[in-house]
Amino acid sequence: MSEPNRQITARDRLEASDALGPRVVAARVDGRVVDLHTPLAEGAREVAPVDVDDPAALPLIRHSSAHVMADAVQRLFPGTKVAFGPATDQGFYYDYDRPGGSFTEEDLRAIEEKMLEIIEADRPFRREEVTREQAREILQALDEPYKLEHLERLEPPISVYRHGDWVDLCEGPHVPSTGFLKAVKLTSVAGAYWRGDERNPMLQRIYGTAFASPKALRAHLKQLEEAKKRDHRKLGKELELIAFHPLSPASPFFLPRGAAVYNRLVEYIRDLYVQHGYQEVITPQIFDQSLFVTSGHLPGYAENMFMAATAEDMERAAERFAGQSAEALGDKSREGWATELSGTLRFGIKPMNCPSHCLMFGMSHHSYRDLPMRLADFGRLHRFERSGVVQGLTRVRTFAQDDAHIFCTLDQVQGEITAFLDLVYRVYQDFGFEDIRLVLATRPDDRLGGDDVWDRAERALEDAIRAKQLPYEIAEGEGAFYGPKIELHLKDAIGRSWQLATIQADFNLPERFELSYVGEDNHAHRPVMLHRAILGSVERFFGVLTEHVGGAFPTWLAPEQVAVLTVSEKFNAYAEEVVALCASRGLRAVANTSSDKLGAKIRAARLMRVPYLAIVGGREVEGRGLSLRSRDEDKDLGFMPLDEVVARLENEALPPSSRTR
RNA sequence: GCUGGCGUAGCUCAAUUGGCAGAGCACCUGUUUUGUAAACAGGCGGCUGUGGGUUCGAGUCCCACCGCCAGCUCCA
């Protein structure tokens, strides 16, 4: 049947081996996913079908959906130019330059309808390999300036894809035809810079998502709903944990219930410090600017720093400007003014703890015998984050880290990393995070220090990971300019990934602060500094943990561990007695002594996710006990004598790794 | 910071084309004294984010600012 000079395609091969069912969207040729209709490369051996619901098909479905969307958009809004339109983890998007401006919700609906028409028409996707000149002609005819710009950056082979009469510069692969798109939904519209650079013009990005089947799409939308329910901003408000006020934007208030959890987190880490040879310190909030010049935060980090102006500074500024002629003042550029003004400020508010720890280390002489010196600090940090980037507790302007800096010799680095990893795994296990990914970020192009030092530092980090026999990935060139780092990424209960813990080696700050210790050889040596945090920022961790547990904090962290609910006001005195007993044993208990019915009290306590409910009525008073109901087991545990209840709670009030049973 | 959306009682949300600012929950008072997810009645509660404008009249339309949300860029 085949034409004489037609090349063999994956479709031909699959047909020949009777493997081409209606559900096949592409082929895996020697491990690479390609279109069914694309001629096979010379020497292609293994050709296997890719089914619609194969995970490898998803990017094709989504990328093809992006093409169909762009087609629909250009039909509905002539003159709109297209930029990039890739598949993503969550779906796909396409960037547009629309003369009339942005897209509305109604536009999205209209585009979706037009997409359905294109999908129903079942147009085949066709790939064509073209020369740069041919591609240029096609794109010029279409008047697509963004595509033309992109074309010049491409290396051959250059290909275009068509479905119907719509054509796009594209590498592929795609599904065989538009009819294979069974479940597509446009989700939102947002601005995005051309090539992701904020100096470039802003384009309109339309996001969508697509799946192999409507069922899979529904499941995805359901999961988004679930995520919304767990959002720490929503739960934080509902559970009276945190609040925000416009007068201090991006700065959380921890309400009594939230502060209880927050303090528990800090207390927990603090207990570990005692066991792991850390010394906690307390350092100032505000420093003379020159500290940050020494550390390099000024001018490097200046736009993220809050500066503190005093009345004296204001007077000094007034004096300085008063002494200048009108012409001199008028001549000054905006930058000139900013420099002039910042020159009159004396103090800056710390955005990180490291500079003050360097100061502290430098205050006295140290012997090699003092090392490693581990200085921990829960100091409050302030960073001015741009208004658009702040978010709930995960990106704030004031926060504390479970921060520590370890001053040690290069030889001690590996041991310190090993100990740190042990600690991190223990902590994450206590919080119920199980899916942890290790990433080693290595030397960036722009870096400080010689290759020999980097070699040793990277090897120390890698050896430590290997010694623990942990799987890890390497992120080439992703390290900080002052040293390599290990990042720990964890997945929460709904599959989102967070980078919280990190440990990084720093050769820069000890140099800048001229830190030294006296070695065995009686000579001065430069220590290595390790920056490390387990929770990261306590605020961010709080947010991630809240979502991970869906607001149901385990007993050892819960703001209230047990709610004592009276059946009637007759039993209030006994309830108060129980609360006092719990308090005397360090347990957090509250009594609900209102005139509500028991059912209402149970409902209220359950809504607040209290781990244990203790019912108090005639039977309990008589037997000197409580009827306990467990949130996590979701059942009535029945009557228990007081001492048994207290013993149970006392055990659960400890972090899992500290429990005796 | 940029693009787009949103801002009504402590919370969740109503209010027709511009035409008297409302409900439920919470809170307070009273009645009820309760046994495993919401007893009943009454009451309090508003500069509709802020400031300007258009209009006989603005929660609603326009402008500016503040804040929040989704992205982009940047990050613990």
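Order of the sequence lines fixes the chain letters, A, B, ..., with proteins taken first and strands second; residue numbering starts at 1 for each chain.
Using cut-offs of 30° and 60° on the angle between ring planes, the pair A:F287 and A:F292 is perpendicular. Ring geometry for A:H67 versus A:H63: interplanar angle over 60°, hence perpendicular rather than tilted (30 to 60°).
In this structure, A:R98 is positioned above the aromatic face of A:F77, its NZ or CZ under 6.0 Å from the six-membered ring centre and within 45° of the axis.
Within the 4.0 angstrom heavy-atom criterion, base atoms lie near A:V389. Within 4.0 Å of A:Y207, counting heavy atoms only, lie sugar-phosphate atoms of the nucleic acid but no base atom. A:E105 comes within 4.0 angstrom of no nucleic acid atom, judged by non-hydrogen atoms across all strands. At a threshold of 4.0 angstrom between heavy atoms, the contacts of A:E569 include nucleobase atoms, whether or not backbone atoms are also involved. If you check every strand for non-hydrogen atoms under 4.0 Å, A:E539 touches nothing. Residue contacts for A:G617: at a heavy-atom cut-off of 4.0 Å it reaches a base atom on one of the strands shown. Counting non-hydrogen atoms under 4.0 angstrom, A:Q391 reaches the backbone sugars and phosphates but no base. Counting non-hydrogen atoms under 4.0 angstrom, A:R619 reaches a base of the nucleic acid.
Secondary structure note: stems in RNA chain B built from 3 or more consecutive Watson-Crick or G-U wobble pairs under 3.5 Å occupy B:1-7 with B:66-72, B:10-13 with B:22-25, B:27-31 with B:39-43, B:49-53 with B:61-65.
Of the residues listed (A:R383, A:R380, A:E539), the one engaging A:T398 in a side chain to side chain donor-acceptor pair (under 3.5 Å) is A:R380, and it is the only one.
Residues passing the salt bridge (charged side-chain N to carboxylate O under 4.0 Å, His left out) test with A:R374, sequence neighbours excluded: A:E416. Annotation: salt bridge (charged side-chain N to carboxylate O under 4.0 Å, His left out) contacts of A:K185 (sequence neighbours excluded): none. Every residue meeting the side chain to side chain contact (heavy atoms under 4.5 Å, CB included) condition with A:P484, not counting sequence neighbours, appears here in chain and number order: A:W454, A:A457, A:E458, A:L461, A:A505, A:F507.
With hydrogens and angles disregarded, a donor-acceptor distance shorter than 3.5 Å links the side chain of A:K601 to the backbone of A:T566.
Using a 4.5 Å cut-off on side-chain heavy atoms (C-beta onward), A:F254 and A:N263 make no contact.
Using a 4.0 Å cutoff to heavy atoms of chain A, the contacted part of RNA chain B runs 5' to 3' from B:G1 to B:A76.
In summary, A:E267 and A:R264 engage in a salt bridge, as defined by a charged side-chain N under 4.0 Å from a carboxylate O.
Annotation: proximity of residues 251-261 of chain A to RNA chain B (heavy atom, distance under 4.0 Å) is found for no residue.
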